[in-house]
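Take a look at the structure set out below.
Note that the numbering runs from 1 along the sequence shown for the chain.
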Amino acid sequence: MLRIGVLGAARIAPAALINPAKRNGDVEVAAVAARDTGKARQFAAKHGIRKVHEGYQDLLDDPEIDAVYNPLPNGLHGRWTLAALAAGKHVLCEKPFTANAVEAKTVADAAESSGLVVMEAFHYRYHPMFRRAVEVMRDGELGDIERIEAALCFPLPRFSDIRYDLGLAGGALMDAGCYPVHLVRSLAGSEPKVLSARAKLHKPNVDRAMIAEVGFDEGYTAEITCSMWSSDFLRVSATVYGSNGLMSLTNPYAPQLFHRMTVVAGGGKRVERFGKRPTYEYQLDAFVNAVEKGEPTLTPPQDSIRNMAVIDAIYTAAGLEPRIPTG
């Protein structure tokens with residue numbers, strides 16, 4: 001039984017970990033800690049978590065805990081992943097992995113030295129639809145790849161939300177854009193160069209929307225679009241264009257919505273549909289297998305460094321500063 005502790009009573013934790021753990025006989029969500037102990041107790045009572053700790057470090061010091069789930073604000077991801085590693089815990093860390101690429105390398109180096117599993121929670125990467133998308137991308141069915149377009153746009157008009165807080169490494173590119181950045185890199189299987197970027201700001205240095213153009217050494221380009229508040233009210237999509245056709249992914253990042261892949265190539269069209277099992281369940285399976293069996297993950301720290309490097313470069317191209325860790 002892998003006993004996992006949760007750092008923070010985050011809204012994402014039930015969908016991303018607690019509910020999947022209930023359907024995984026190898027996992028127990030055994031403890032939670034939050035800055036507000038009262039909130040942690042309410043969270044534990046609601047979700048059947050047997051132990052509440054007074055603070056994050058208390059949870060990390062608990063010898064009964066094998067691993068931690070880190071859904072803290074972006075600017076705290078690196079700090080508390082490092083603390084978890086120092087305490088001998090495996091880590092499933094929410095995306096974005098850290099505040100910037102320099103911090104990501106620091107965490108990656110610590111993970112390598114520790115021999116512990118550290119995995120970034122890009123849950124979509126473990127879903128069967130994305131495995132199929134990579135296969136189609138690689139097998140030549142689309143011909144020569146010409147263009148990738150990926151977007152994650154959703155409305156978040158609550159501007160007091162921590163995702164707009166520069167001190168917590170917020171911004172649309174960090175919270176929404178990390179997904180399409182990761183997706184185009186994963187489909188391409190190589191690293192892009194940022195050609196241009198344009199931001200819409202909520203306040204100085206805090207983007208509410210971003211669009212970036214990137215290029216790959218293989219000769220094709222990609223457009224990355226993200227927003228938390230813009231005229232692109234809701235877009236959750238990805239399309240690959242090739243000389244022989246196209247592949248379109250419906251809801252590629254959504255954990256439990258209808259997943260569908262459409263391929264139009266060689267004069268034909270087919271639609272591949274996938275089951276309703278949440279992406280988060282596939283992700284938890286991968287984390288458990290990495291810890292218990294030593295299996296490699298699809299989102300290891302070295303991949304996280306590269307993803308954060310692209311995010312940093314997009315911010316720079318847009319005339320903004322890359323994020324910094326929360327002091």
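With hydrogens and angles disregarded, no donor-acceptor distance shorter than 3.5 Å links the side chain of R235 to the backbone of C153. When atom types are taken as modelled, the side chain of K89 and the backbone of I65 share a donor-acceptor pair closer than 3.5 angstrom. A donor-acceptor contact shorter than 3.5 Å is absent between the side chain of H47 and the backbone of I49. With hydrogens and angles ignored, the 3.5 Å screen pairs no side-chain donor or acceptor of Y126 with any backbone N or O of F287. Without hydrogens or angle criteria, Y220 side chain to D144 main chain gives no donor-acceptor distance under 3.5 Å. Without hydrogens or angle criteria, E281 side chain to R277 main chain gives no donor-acceptor distance under 3.5 Å. Between the side chain of R306 and the backbone N or O of A101, no donor-acceptor pair lies under 3.5 Å. Using modelled atom types, one side-chain atom of K95 and one backbone atom of A121 make a donor-acceptor pair closer than 3.5 Å. Under a 3.5 Å cut-off, the side chain of N289 and the backbone N or O of D285 do form a donor-acceptor pair. D36 places a side-chain N or O within donor-acceptor distance of the main-chain N or O of K39, the cut-off being under 3.5 Å.
Annotation: Y124 is in aromatic contact with H182 [ring centroid separation under 6.0 Å]. The distance between the ring centers of F97 and H77 does not fall below 6.0 angstrom.
Enclosure of atom CZ in R35 is not indicated, since only 12 or fewer non-hydrogen atoms of other residues, nucleotides or ligands lie within 6.0 angstrom. For K105, the NZ atom sits in a loose shell: 12 or fewer heavy atoms of surrounding residues, nucleotides or ligands are nearer than 6.0 Å. More than 12 heavy atoms of other residues, nucleotides or ligands lie within 6.0 Å of NZ in K22, so this atom counts as buried by the packing criterion. Atom CD of E112 has 12 or fewer neighbouring heavy atoms from other residues, nucleotides or ligands inside a 6.0 Å radius. Within 6.0 Å of atom CZ in R50, more than 12 heavy atoms from other residues, nucleotides or ligands are found, so the atom counts as buried in its surroundings. Crowding of K269 atom NZ: a count of heavy atoms from other residues, nucleotides or ligands under 6.0 Å not exceeding 12.
Classified by interplanar angle (parallel below 30°, tilted 30° to 60°, perpendicular above 60°), the ring pair W229/F233 is perpendicular.
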Q: Applying side-chain hydrogen bond (donor to acceptor under 3.5 Å, both in side chains), run through T221 and R147 and close with a yes or a no.
A: CA-CA 5 Å; T221 59; R147 178 82 165 163; 2.8 Å; yes

(Q) If you apply the rule salt bridge (charged side-chain N to carboxylate O under 4.0 Å, His left out), what do you find for E103 with R79, and how did you get there? (A) CA-CA 9 Å; E103 188 184 29; R79 170 185 171 184; over 6 Å; no

Q: Check step by step if side-chain contact (heavy atoms from CB on, under 4.5 Å) holds for L168 and N74.
A: CA-CA 6 Å; L168 294 173; N74 302 337; over 6 Å; no

Q: Begin from the C-alpha positions of I148 and M137 and carry the test side-chain contact (heavy atoms from CB on, under 4.5 Å) through to its verdict.
A: CA-CA 11 Å; I148 306 173; M137 184 82 173; 3.8 Å; yes

(Q) With salt bridge (charged side-chain N to carboxylate O under 4.0 Å, His left out) as the criterion, how do R3 and D62 come out once you've worked through the C-alpha distance, each side chain's angles and the decisive distance to 0.1 Å? (A) CA-CA 11 Å; R3 297 161 299 182; D62 185 344; over 6 Å; no

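Side-chain contact of D66 with H90: a donor-acceptor pair under 3.5 Å is absent, judged by distance alone. S190 and E218 share a donor-acceptor pair across their side chains, judged by distance under 3.5 Å alone. There is no side-chain donor-acceptor pair under 3.5 Å between R260 and N251.
Distance check, rounded to the nearest 0.5 Å: CD1 of I145 to CG of L246 gives 10.5 Å. Of the inter-residue distances, the one linking Y56 atom OH with N70 atom CG reads 9.0 Å to the nearest 0.5 angstrom. Here the NE2 atom belonging to H53 is positioned 4.5 Å from the CG atom belonging to L59, to the nearest 0.5 angstrom. Atom CD1 in I324 sits 8.5 Å away from atom CG in N100 (nearest 0.5 Å). With values rounded to the nearest 0.5 angstrom, R208 atom CZ is found 8.5 Å from S227 atom OG. Here the CG-CD distance, from L298 to E120, works out to 12.5 Å after rounding to the nearest 0.5 Å.
The two residues M308 and A104 have their closest heavy-atom pair at CG-CB, 4.1 Å. The shortest heavy-atom contact between A34 and A9 is CB-N, 4.1 Å. Closest of all the heavy-atom pairs between A44 and V52 is CB-CG2, 3.5 Å. Nearest heavy atoms, M119 versus A286: CE-CB, 4.1 Å. In terms of heavy-atom proximity, S196 sits nearest to A317 at C-CB, 4.4 Å. In this structure, A133 and M247 approach most closely via the heavy-atom pair O-CE, 3.6 Å.
Screening residues 310-327 for side-chain hydrogen bond (donor to acceptor under 3.5 Å, both in side chains) gives D207-Y315 as the qualifying pairs, with residues at least two apart or on separate chains. Applying the side-chain hydrogen bond (donor to acceptor under 3.5 Å, both in side chains) definition to pairs two or more places apart or across chains, those involving residues 161-172 are R11-D161, R158-D161, D161-R163.
Electrostatic pairing of R270 and E141 counts as a salt bridge here, judged by a charged N lying under 4.0 Å from a carboxylate O.
Considering I18, V29, L92 as possible partners of Y69, the one that fulfils the side chain to side chain contact (heavy atoms under 4.5 Å, CB included) test is L92. Partner T279 forms a side chain to side chain donor-acceptor pair (under 3.5 Å) with one of H259, H127, H123 and no other, that one being H123.
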